[in-house]
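Since the structure comes first, as structure tokens, the remarks are kept for the end.
We're numbering straight along the sequence, starting at 1. Since we're looking at a predicted model, the values are computed, not measured.
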Amino acid sequence: MPNKTHLLRQLENISGKDNVLSSPEVLKPYSHDESATDEFNTMPVAVVKPESTEQVAEIVRLCAEEGVPITPRGAGTGLAGGCIPVEEGIVLSLERLNRRIHIDPENMSVTADAGISLKQLYQVVEEGDLFFPPHPGDESAMLGGIVAANAGGARAVKYGTVKHFVRGLKVVTADGKILSLGGNLMKSSTGYHLMDLMIGSEGTLGIITEVTLSLLPKPGTIMTMVAPFKTVDEAISSVLPVLNLKIIPFAVEFIEHSTIRCVERLLNKNWPVKSGTASLLIILDGPDEDRVLETAEKIGKELENHGALDILIAEQREKQAEILELRSMIYEALRPGVGELYDVCVPRSEIGGHVQFIHELEERIGVPLPTIGHAADGNLHSHAMKYRLEDGEMKEPIKDFAEKNSLLEREIFADVFKRGGVISGEHGIGIIKKNHLIANLGKDAVDMMKAIKQALDPNGILNPGKLF
Ligand SMILES: Cc1cc2nc3c(=O)[nH]c(=O)nc-3n(C[C@H](O)[C@H](O)[C@H](O)COP(=O)(O)OP(=O)(O)OC[C@H]3O[C@@H](n4cnc5c(N)ncnc54)[C@H](O)[C@@H]3O)c2cc1C
């Protein structure tokens with residue numbers, strides 16, 4: 001580690017005095033992300049906020065020379081501890097790289113700085129009468145962050161995850177070179193796909209400074225339906241019959257009512273159905289209201305044939321917005337009591353079995369595990385709670401939570417491996433899940449990843465301590 005004052009002066013020479021932070025109180029927000037545990041929170045030496053790709057490259061060259069680790073950071077909404085820095089390192093925050101966003105209607109694409117937020121993206125894209133389907137839950141997330149994490153969200157079942165929309169990236173390498181990877185292209189069979197290597201690399205292979213994304217025509221209409229079931233098992237089992245109608249909904253989520261009760265309390269709003277213990281939330285998109293309504297009715301009939309107690313179709317925007325708000329606030333509502341948030345992904349056919357296993361585990365180990373899931377794509381989120389839950393309220397603490405949770409972790413992951421799944425569907429490995437990567441992917445695959453890391457960042461200055 002070089003002399004700290006000297007390092008700060010050099011960083012200030014690149015990005016300006018006001019854009020280099022080093023006092024403890026201003027560093028604190030950069031010591032963590034939105035993951036549930038504070039076990040890994042670490043203060044960096046400094047935070048630097050460059051405003052251009054060239055400044056990012058200069059900072060990386062300086063850090064490479066001085067041997068200073070760099071942790072890239074978008075909005076810090078990650079849930080795997082990916083942007084948590086190391087003590088002797090700096091945080092490179094992309095928050096000021098947020099000026100340029102350009103829609104290209106002819107190529108149906110958008111090119112933007114990595115610090116543009118999802119919220120800004122949706123707004124500009126909508127104004128252009130176009131559509132960016134992926135919707136990872138927190139709209140403050142930045143474009144560099146969603147690409148680095150290969151974020152997912154509820155709409156992956158029909159449209160795929162972020163990686164399916166990335167056409168081009170501008171990246172600063174570990175030795176400070178600026179590379180343009182991919183392009184504004186729909187196809188390329190031209191050499192190794194270096195751009196794809198950057199997607200989901202969690203800041204360990206390069207720093208993304210600009211992103212080109214594919215867009216689609218905006219759907220004419222969006223409709224939301226809710227169907228309650230007597231049991232969560234019935235709700236999950238009725239997803240396949242819907243897909244067998246040859247309809248791929250925009251999103252299919254299952255939500256247990258005991259979980260949504262926490263959000264009802266937080267927002268003082270009601271889930272639109274009362275009967276049953278779990279609901280399917282289905283979102284449909286299509287060219288016009290009549291056709292989407294026809295599809296909704298077809299799905300409704302199929303769900304009733306498979307035990308749905310009721311079918312609610314929300315056509316008005318306000319009603320849809322209220323339902324989606326309740327769904328999107330689940331993490332917020334549970335967060336004060338969450339000890340660990342699981343993000344596993346299993347083959348679609350294994351969801352029912354895994355959820356059943358989760359509930360057996362809940363009983364056996366004595367830790368509440370409210371679970372929600374992207375029911376049609378196999379990605380499930382179980383929240384290991386540090387408190388007993390009763391009617392949406394957190395009650396007394398769970399005794400010996402830490403030991404019980406490590407047992408849970410082992411058992412949940414073992415069940416996921418048995419079913420051919422992975423430990424992260426969309427949040428990434430970061431610092432939180434890295435000890436399970438070999439068990440999941442095998443030593444040979446992880447060794448290959450390490451060889452790539454070694455080739456692209458031989459001195460290990462980019463986001464050390466993550467993934468491996
Ligand atoms: C309430 C809530 C709901 C969420 N819902 C979803 C969801 O439905 N689906 C989903 O997938 N995720 C979800 N997330 C997680 C999170 O929003 C995503 O992981 C998002 O992609 C993180 O973006 P960010 O800009 O905040 O990145 P950060 O958290 O800042 O960083 C994430 C990782 O990317 C790296 N990184 C960031 N920027 C760059 C860059 N420019 N170049 C290189 N590396 C970089 C960091 O080092 C880190 O490893 C949710 C989070 C919250 C708080």
Write down the atom of [X], the atom of [Y], and the distance for their closest heavy-atom approach.
| X | Y | value |
| --- | --- | --- |
| Cys345 | Val416 | O-CG1, 4.3 Å |
| Asn440 | Ile423 | OD1-N, 2.8 Å |
| Val446 | Phe468 | CG1-CD2, 3.9 Å |
| Lys28 | Met43 | CA-SD, 3.8 Å |
| Met394 | Tyr387 | CB-CB, 3.9 Å |
| Asn270 | Leu326 | O-CD1, 3.5 Å |

Crowded around [X] [atom1]? As in, over 12 foreign heavy atoms under 6.0 Å?
| X | atom1 | answer |
| --- | --- | --- |
| Asn305 | CG | yes |
| Glu396 | CD | yes |
| Lys399 | NZ | no |
| Glu87 | CD | no |
| Glu25 | CD | yes |

Charged N to carboxylate O under 4.0 angstrom, [X] versus [Y]?
| X | Y | result |
| --- | --- | --- |
| Lys163 | Asp196 | no |
| Asp33 | Arg73 | no |
| Glu34 | Arg335 | yes |
| Lys443 | Asp447 | yes |

Test your reading of the model: is there a side-chain donor-acceptor pair from [X] to the backbone of [Y], 3.5 Å cut-off?
| X | Y | result |
| --- | --- | --- |
| Thr42 | Phe40 | yes |
| Glu253 | Ile282 | no |
| Asn463 | Glu202 | yes |
| His164 | Thr161 | yes |
| Glu302 | Val242 | no |
| Asp288 | Arg291 | yes |
| Arg388 | Lys395 | no |
| Asp400 | Glu403 | no |
| Asn379 | Gly373 | no |
| Arg155 | His135 | no |

I want to check something: taking the side chain as every heavy atom from C-beta on, are [X] and [Y] in contact at a cut-off of under 4.5 Å?
| X | Y | result |
| --- | --- | --- |
| His381 | Ile330 | no |
| Leu467 | Lys434 | no |
| Ile103 | Leu215 | yes |
| Lys453 | Leu462 | yes |
| Pro368 | Ile398 | yes |
| Met225 | Leu284 | yes |
| Met108 | Pro217 | yes |
| Ile236 | Phe229 | no |

Does a side chain donor of either Ser424 or Asp343 reach within less than 3.5 Å of an acceptor in the other side chain?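 Asp343 and Ser424 do have a side-chain donor-acceptor pair below 3.5 Å.
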
Under 3.5 Å side-chain donor-acceptor pair for Glu362 and His359: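 Looking only at side-chain atoms, His359 and Glu362 do form a donor-acceptor pair, the distance falling under 3.5 Å.
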
Angle class for the Tyr122/Phe132 ring planes (parallel below 30°, perpendicular above 60°, tilted otherwise)?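 Tyr122 vs Phe132 ring planes: tilted.
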
If you measure from CD1 on Ile116 to CG on Leu94, what distance do you get to the nearest 0.5 Å? 11.5 Å

Among Leu281, Thr259, Ile260, find the residue that satisfies the side-chain contact (heavy atoms from CB on, under 4.5 Å) test when tested with Ile372.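 Exactly one option meets the side-chain contact (heavy atoms from CB on, under 4.5 Å) with Ile372, and it is Thr259.
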
side-chain contact (heavy atoms from CB on, under 4.5 Å) between Phe254 and Val239, intermediate numbers included: CA-CA 9 Å; Phe254 80 83; Val239 173; over 6 Å; no

Test Glu210 against every option in Arg99, Lys170, Arg167 by the salt bridge (Lys or Arg N to Asp or Glu O under 4.0 Å) rule and name the one that passes. Lys170

Checking salt bridge (Lys or Arg N to Asp or Glu O under 4.0 Å) against Lys269, which of Glu264, Glu318, Glu322, Glu325 comes through? Glu325

Between Leu408 and Leu361, is a side-chain contact (heavy atoms from CB on, under 4.5 Å) present by the stated rule, with each step listed? CA-CA 7 Å; Leu408 277 179; Leu361 210 54; 3.6 Å; yes

For a side-chain contact (heavy atoms from CB on, under 4.5 Å) check, start with the C-alpha distance between Tyr342 and Glu409, then their side-chain angles and the critical distance, and finish with the verdict. CA-CA 9 Å; Tyr342 293 92; Glu409 194 174 71; 3.5 Å; yes

What's the verdict on side-chain hydrogen bond (donor to acceptor under 3.5 Å, both in side chains) for Ser140 and Ser117, showing C-alpha distance, side-chain angles and the deciding distance? CA-CA 5 Å; Ser140 60; Ser117 70; over 6 Å; no

Assess whether side-chain contact (heavy atoms from CB on, under 4.5 Å) is satisfied between Thr37 and Glu340, documenting all intermediate values. CA-CA 7 Å; Thr37 170; Glu340 181 159 354; over 6 Å; no

